Amino acid sequence: MKFATKAVHAGLVTDKTTGAISTPIYQTTTFRHPELGRSTGYDYSRTQNPTRKAAEEAVAALEEGHAGFAFASGMAAISAILMLYQPGDHLIITEDCYGGTYRIMDKIFSQFGLTVTFVDTSSLEEVRQALQPATKAILLETPTNPLMKIADIRAITAIARQHTPQPVHVIVDNTFLSPYFQQPLTLGADIVFHSGTKYLSGHNDVVCGLVVAGDPALCEKIGFIQNATGAILGPQDSWLLLRGIKTLAIRSRQHEKNAQAVAEWLTTHPSVTKVYYPGLANHPGKEIQDAQASGYGGMLSFTVDHPRLPAQVLRKVKVLQFAESLGGVESLITFPAVQTHADIPADIRERLGISDCLLRLSVGIEDVEDIIADLAQALEQ
Ligand SMILES: *Cc1c(COP(=O)(O)O)cnc(C)c1O
């Protein structure tokens, strides 16, 4: 089955009584047992709920994994993954990662004895050099947030497999591209996760997180952690996620078409000094991107020539909304240095290039002419 068909049909639970096409919202905490020692397959909704199961199966199918797990947020999903590891274990993480990923390692999991090295994962040499005997996982974001650097998932998987004394898990945060453009498990990664709040749901109306893995034993461990720690996605939100997924293919195509046009227009603007979008011919990661993904997505960043300009742009935009988050049908613009990446220390931010002149755009599915006209009036000095 092709991707768009899967997105519409995956996880469909045909209600045997009524034949309902839309998966019912099973707003129940518990399930009656037919008799002692028998179960319908559902016992208690933290452990499993039919609406959540439909959403989990849909995402697992789209990521070509063995099983999926839905959480209350992307951060809950990352937390569950990090609970696979033990005190003394070492992780390698993309240095310009989502600010919350940096924060949860720096402030929470460090307290439980996990150590981490943040590196530029677009450099295989930096990844190799960061490996230690205690390294258990490499956590990648590609493209990165907000600088759109590309990591070579196949090459990093090969490095991880060869590591001694034990192979290293490769974990990919696939939030930016969604499985429509990139399926990390098919490239060799062990675990893929999402802030489903973004493209998977797609309408800026639900916060959720997803984890998918390929190996049944690993899936069993993740399922155990999900049930034991309990940060599950509720039935209402699972239904919203399922509804969003149905249009993932058609939305993704429009997001990308608009982003490519906006990126190209920005490169011609006199006040714009740099545009970060992997679909631009001069993007340093374009070749790897073309080899591992089917497109470039809807996210881009750009720098302006004066630190006064971002505040003006954020004040003057009308079609674009000045708001955090991304991946929804509405175009959003953010200022990473003070919003999404505020938890990364200023000196590290500056070194990474997350400067006071950098703006990040989540290009929506509005008419692209309106998006460009809005940016044009907001950038006028
Ligand atoms: C938003 C986001 C997260 C965190 O997800 P929440 O749903 O907000 O908890 C993680 N990674 C990336 C790349 C994100 O954009």
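Predicted, not measured: the structure shown is a model, and the values here were computed from it. Numbers here are sequence positions counted from 1. In listed order, ligands and their atoms are each counted from 1.
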Run the side chain to side chain contact (heavy atoms under 4.5 Å, CB included) check on L177 and Q289 step by step: do they pass? CA-CA 11 Å; L177 287 179; Q289 181 71 8; 3.4 Å; yes

Which pairs would a plain distance check flag for residues 221-238, meaning a side-chain donor or acceptor within less than 3.5 Å of a matching protein atom at least two apart in sequence or in another chain?
residue : atom : partner : partner atom : Å
Q226    : NE2  : E56     : OE2          : 3.1
Q226    : NE2  : A70     : O            : 2.9
N227    : OD1  : R46     : NH1          : 3.2
N227    : OD1  : T47     : OG1          : 3.0
T229    : OG1  : I225    : O            : 2.7
Q236    : NE2  : Q27     : OE1          : 3.4
S238    : OG   : G234    : O            : 2.9

Test your reading of the structure: does L326 have an N or O sitting under 3.5 Å from an N or O of ligand 1? no

Taking distance alone, with no angle check, do G74 and ligand 1 share an N/O pair under 3.5 Å? yes

Does anything in residues 95-122 pair up under ring pair (Phe, Tyr, Trp, His ring centres under 6.0 Å), and if so which pairs, sequence neighbours excluded? Y102-F118

Give the residue and atom name of whichever protein heavy atom lies nearest to atom 10 (C) of ligand 1, and the separation in Å to one decimal. Y98 CD2, 3.5 Å

Report the part of C208 (side chain from C-beta onward, or backbone N, CA, C, O) that has a heavy atom under 4.0 Å from ligand 1; answer both or neither where that applies. backbone

D370 side chain near D374 side chain, heavy-atom distance below 4.5 Å: no

Check each atom of ligand 1 against the heavy atoms of S73 and keep those under 4.0 Å away; list them by number with element. 7 (O), 9 (O)

Structural part of T101 in contact with ligand 1, heavy atom criterion under 4.0 angstrom: neither

Do me a favour and list the nearest non-hydrogen protein atom to atom 12 (C) of ligand 1 with residue, atom name and distance? D173 OD2, 3.4 Å

If you count the non-hydrogen atoms of other residues, nucleotides and ligands that lie under 6.0 Å from NZ in K53, is the total more than 12? no

Heavy-atom nearest neighbour in the protein, as seen from atom 1 (C) of ligand 1, with distance rounded to 0.1 Å: K198 NZ, 1.5 Å

Assign the ring pair H255 / Y199 to parallel, tilted or perpendicular, where the plane angle (0 to 90°) is split at 30° and 60°. perpendicular

Under the criterion side-chain contact (heavy atoms from CB on, under 4.5 Å), which of H203, Q254, E366 is the partner of V329? H203

Heavy atom to atom 9 (O) of ligand 1, shortest distance: which of E324, H194, M75 holds it? M75

